Enquirer: 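To start, I am sharing the structure in question, which I have written as structure tokens.
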Amino acid sequence: SCCGSALTLNFTSPMCCGPTSPRRSSTGPSRPTRAAAAGSGVYDLITRIIVALVLAPLFLAVLIFFPPVMLAVMVAGIGALASYELLRATQVAHHNGMYILTAQAAAVIPVGHWLGAGSWTARAVTLALMALLFFLAIRLYGTQRAVRAEHLMVCLFAGAVIPLFLSALIQLKGMENGRGFVLLPVVCAFTTDIGAYFAGVFLGKHRGITQVSPNKSLEGYVGGILSGCLFMLVYGLLVQQLGGLEVRFPVMALYGLVGSAVAELGDLSFSLIKRQYGVKDYGTLLPGHGGMLDRFDSMIFAAPTLLLLV
């Protein structure tokens with residue numbers, strides 16, 4: 001029976017339920033729809049490039065040329081904004097002060113690393129945040145403003161773990177030849193992201209982990225790792241030629257391989273959170289890129305990894 005399935009429409013049979021109409025192609029969207037989608041994709045790509053061209057030099061200047069205090073301020077701002085975006089995406093309630101407590105904690109931890117008391121600051125801030133959050137949850141339990149246990153964990157992750165991992169950038173810059181070391185996770189994370197994007201666009205044929213990141217292909221993942229390794233070797237060559245430093249290229253290749261794989265894991269990890277809560281991006285602060293957390297998700301994983309490796 002032509003009326004038996006809600007997924008099949010027969011436009012030619014006079015016995016169908018409803019008026020007939022001429023046969024239409026079901027092979028995909030119409031030509032104007034495809035053209036509009038292509039135009040939107042080009043616009044998004046252009047916007048993404050323009051924002052990157054404007055902000056990337058400023059970001060690199062803070063990393064390389066500005067004093068360490070400016071890097072601490074930048075990381076504190078990134079951590080505070082990222083914590084807000086994560087709490088909003090995971091639907092943590094606004095009315096009980098948890099956003100403010102979490103953002104404050106995320107801003108203090110990087111400053112503590114700049115002051116040379118990173119480990120003590122991280123422990124003290126995490127303990128204070130945990131105590132305040134649980135005190136708030138205990139006080140509000142049984143009321144309409146009760147705090148859910150999973151929201152406590154999200155706040156601890158956003159207020160302590162994310163800024164602690166991003167503070168690896170401050171620790172790298174504080175090392176001898178720190179201006180060279182601090183760029184390792186930056187080169188790794190950003191070139192992996194760029195390589196994965198273009199490999200997926202031009203070579204992508206096989207589906208990747210579609211449930212978590214539906215637009216990523218297997219070729220994109222492989223291209224990202226290869227891109228990260230290649231550009232890490234190029235960066236090592238530039239450091240050797242321009243900076244006069246000794247560079248061990250097998251070690252640089254290892255940095256690229258491990259750092260790229262971990263960077264892609266970071267991207268997938270924060271994509272998993274977005275999928276579970278049904279959000280496309282963490283924010284709109286960076287046009288074409290999304291929110292602060294969309295831009296630095298891979299850095300959260302890459303920076304502490306490369307700090308451990310060096």
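Keep in mind the model is a prediction, meaning the values are calculated, not measured. Hydrogens, waters and symmetry mates are skipped; everything else that's a heavy atom, side chains included, is used.
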Enquirer: At what distance, to the nearest 0.5 angstrom, does CD of Glu264 lie from CG of Leu268?
Expert: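 If I round to the nearest 0.5 Å, the distance is 7.0 Å.
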
Enquirer: In chain order, what residues pass the side-chain contact (heavy atoms from CB on, under 4.5 Å) check against Val310, with sequence neighbours excluded?
Expert: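 Residues passing side-chain contact (heavy atoms from CB on, under 4.5 Å) with Val310: Leu172, Met175, Phe181, Leu184, Tyr255.
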
Enquirer: Can you sort out the partners of Leu245 under side-chain contact (heavy atoms from CB on, under 4.5 Å), two or more places apart, ordered by chain and number?
Expert: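 With sequence neighbours excluded, Leu245 shows a side-chain contact (heavy atoms from CB on, under 4.5 Å) to Asn177, Val239, given in chain and number order.
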
Enquirer: List the atom pairs, with distances to 0.1 Å, where a side-chain N or O of residues 63-87 and a protein N or O form a donor-acceptor pair under 3.5 Å, not counting sequence neighbours.
Expert:
| residue | atom | partner | partner atom | Å |
| --- | --- | --- | --- | --- |
| Ser83 | OG | Ala80 | O | 2.6 |
| Glu85 | OE1 | Met292 | N | 3.0 |
| Glu85 | OE1 | Leu293 | N | 2.7 |
| Glu85 | OE2 | Met292 | N | 2.8 |

Enquirer: Is it true that Val187 and Leu226 fall in one hydrophobic cluster, defined by side-chain heavy atoms closer than 4.5 Å?
Expert: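 Val187 does not cluster with Leu226.
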
Enquirer: What pairs with Val258 under side-chain contact (heavy atoms from CB on, under 4.5 Å), at least two apart in sequence or on another chain?
Expert: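 For Val258, the residues satisfying side-chain contact (heavy atoms from CB on, under 4.5 Å) (neighbours in sequence not counted) are Leu254, Val262, Thr305, Leu309.
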
Enquirer: Give a yes or no on whether Tyr99 and Ile273 share a hydrophobic cluster (residues Ile, Leu, Val, Met, Phe, Trp, Tyr; joining criterion: side-chain heavy atoms under 4.5 Å apart).
Expert: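 Cluster IDs for Tyr99 and Ile273 match.
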
Enquirer: Who passes salt bridge (charged side-chain N to carboxylate O under 4.0 Å, His left out) against Glu150, sequence neighbours left out?
Expert: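 Glu150 satisfies salt bridge (charged side-chain N to carboxylate O under 4.0 Å, His left out) with Arg148 only.
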
Enquirer: Taking all non-hydrogen atoms of both residues, which atom of Met98 and which atom of Cys155 are closest, and how far apart?
Expert: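 Closest pair (atom of Met98, atom of Cys155, distance): CE-SG, 3.4 Å.
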
Enquirer: Please output the side-chain donor-acceptor pairs of residues 105-122 that fall under 3.5 Å, not counting sequence neighbours, one pair per line with the distance.
Expert:
| residue | atom | partner | partner atom | Å |
| --- | --- | --- | --- | --- |
| His113 | ND1 | Ile109 | O | 3.0 |
| Ser119 | OG | Arg123 | NH1 | 2.7 |
| Thr121 | OG1 | Ala117 | O | 2.6 |

Enquirer: Determine the minimum heavy-atom distance between Pro163 and Ala158, stating which atoms define it.
Expert: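 Smallest heavy-atom distance, with atoms named: CD-O, 3.3 Å.
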
Enquirer: When you look at CZ of Phe190, are more than 12 heavy atoms from neighbouring residues, nucleotides or ligands closer to it than 6.0 Å?
Expert: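 More than 12 within 6.0 Å, yes.
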
Enquirer: Spell out, yes or no, whether Val154 and Leu152 are grouped together once hydrophobic residues are joined by side-chain heavy atoms under 4.5 Å, including indirect joins.
Expert: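 The answer is yes; both residues are in one hydrophobic cluster.
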
Enquirer: Could you give the distance from OG (Ser269) to NZ (Lys274), rounded to the nearest 0.5 Å?
Expert: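 The OG atom of Ser269 sits 12.0 Å away from the NZ atom of Lys274.
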
Enquirer: Just verifying a value: how many Å separate Ser271 OG and Gln276 CD, rounded to the nearest 0.5 Å?
Expert: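 Separation between the atoms: 11.5 Å.
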
Enquirer: Looking only at heavy atoms, what is the nearest atom pair of Val247 and Gly236, with distance?
Expert: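 In terms of heavy atoms, the two residues are closest at CG2-O, 3.4 Å.
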
Enquirer: Look at atom CZ of Arg275 and say whether more than 12 heavy atoms of other residues, nucleotides or ligands are closer to it than 6.0 Å.
Expert: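 Check passes, neighbour count above 12.
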
